[in-house]
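What you see below is based on every heavy atom in this structure, not just the backbone, and it leaves out hydrogens, waters and symmetry mates. Proteins come first, then strands; the chains are lettered A, B, ... in the order of their sequence lines, and each starts at number 1.
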2 protein chains.
Amino acid sequence: MSMSVHNRWMTTAMSTTPEALTACCTPTGEPAMSEETASSLAAQFKAIADPNRLRMVSIISSSENAEACVCDITEPLNLGQSTVSHHLKILVDAGVLTREKRGVWAYYSLVPGALDSLAGVLTSRP
Amino acid sequence: MSMSVHNRWMTTAMSTTPEALTACCTPTGEPAMSEETASSLAAQFKAIADPNRLRMVSIISSSENAEACVCDITEPLNLGQSTVSHHLKILVDAGVLTREKRGVWAYYSLVPGALDSLAGVLTSRP
DNA sequence: CACTGACATTGACATTCGTCGATGTCCTGG
DNA sequence: CCAGGACATCGACGAATGTCAATGTCAGTG
């Protein structure tokens with residue numbers, strides 16, 4: 001079962017209009033994007049698909065050495081400290097940010113090619 | 001109240017290490033990304049931050065005229081027809097796809113600059 | 001050596017999201 | 001005009017997400 005209940009329903013068409021009825025369901029052959037690739041990319045996009053996380057990345061990238069500590073990020077966002085830590089963890093787990101603990105403070109910075117790699121996915125279209 | 005409970009806790013530090021303790025919380029002045037911009041961008045990223053929706057975009061962009069009907073998209077995805085319609089609506093509402101109904105079928109195609117605009121957000125970093 | 005302050009982790013909660021089945025709408029063919 | 005097929009819309013439901021308060025951890029300080 002589950003064997004594609006679709007049954008090539010254009011076996012009785014292609015008669016009246018010249019090309020408006022002959023064009024549906026013409027697969028190109030390529031099986032589209034693989035499921036694993038899609039899941040991996042979706043996970044990375046999901047990491048930045050949040051208003052507060054986008055602002056965090058913005059704050060970090062526009063900071064002095066492209067790095068910022070949690071307090072720098074917490075203050076302009078009106079969020080609880082634990083919430084900010086949670087979002088930062090998501091961005092680190094997605095490979096967008098890196099965490100470096102210096103003394104008492106934790107500094108977050110952008111992973112060099114991460115966002116550009118994601119941008120490349122959106123622009124590389126044949 | 002709610003007036004920044006942080007109280008510049010580096011008024012008693014700056015003694016031992018040369019610069020490891022003098023760098024925390026040095027805001028650059030710019031208020032980061034605005035809340036409205038962040039919400040708008042996050043909504044667009046959220047639209048493509050799903051494995052199945054990414055594959056839909058991939059299927060459409062690699063199709064004949066960069067357009068595909070629902071049946072073209074439903075078949076390789078192993079999803080119900082209503083689920084596919086739902087995802088396509090999300091992509092249309094986000095400005096990524098356009099819908100054009102020709103005869104009985106609905107053709108979906110990419111909005112020309114949409115994904116490139118999103119990619120530009122990720123690459124334009126000073 | 002106890003204390004404070006920066007940050008992470010945990011548990012709880014409401015909200016949103018992804019998926020499906022059922023139903024509705026509209027076009028086409030007989 | 002009526003049947004059927006393509007697609008959209010409507011509930012419904014489990015899973016994931018965003019947020020907070022409370023607690024834990026660990027470095028630096030008096």
With sequence neighbours left out, what residues match [X] under side-chain hydrogen bond (donor to acceptor under 3.5 Å, both in side chains)?
X: T37(B); value: S34(B)
X: Q44(A); value: none
X: T98(A); value: S109(A)
X: K89(B); value: D93(B)

Rounded off to whole Å, could you give me the [atom1]-to-[atom2] distance for the [X] and [N] pair?
X: D72(A); N: dA6(C); atom1: CG; atom2: P; answer: 12 Å
X: K101(A); N: dA6(C); atom1: NZ; atom2: P; answer: 12 Å
X: L97(B); N: dC7(D); atom1: CG; atom2: C1'; answer: 16 Å
X: Y107(A); N: dA8(C); atom1: OH; atom2: P; answer: 13 Å
X: D93(A); N: dG18(D); atom1: CG; atom2: P; answer: 13 Å

Exercise. V70(B) side chain: which of dC7(D), dC27(C), dG5(C) is closest?
Worked result: dC7(D)

So which protein nitrogen or oxygen atoms get under 3.5 Å of nucleotides 13-19 of chain C's nitrogens or oxygens?
residue: dG18(C); atom: OP1; partner: D50(B); partner atom: OD1; Å: 3.3
residue: dG18(C); atom: OP1; partner: R53(B); partner atom: NH2; Å: 3.0
residue: dG18(C); atom: OP2; partner: R53(B); partner atom: NH1; Å: 3.3
residue: dT19(C); atom: OP1; partner: N52(B); partner atom: ND2; Å: 2.7
residue: dT19(C); atom: OP2; partner: N52(B); partner atom: ND2; Å: 3.4
residue: dT19(C); atom: OP2; partner: H87(B); partner atom: NE2; Å: 2.3

Exercise. Would one find a side-chain N or O of Y108(A) under 4.0 angstrom from OP1 or OP2 of dA6(C)?
Worked result: no

Exercise. Sequence neighbours excluded, which residues qualify as side chain to side chain contact (heavy atoms under 4.5 Å, CB included) partners of S39(A)?
Worked result: P51(B)

Problem set entry | Residues, nucleotides or ligands: over 12 heavy atoms within 6.0 Å of E67(B) CD | yes

Problem set entry | Side-chain donor/acceptor contact of Q81(A) with base of dA8(C) under 3.5 Å | yes

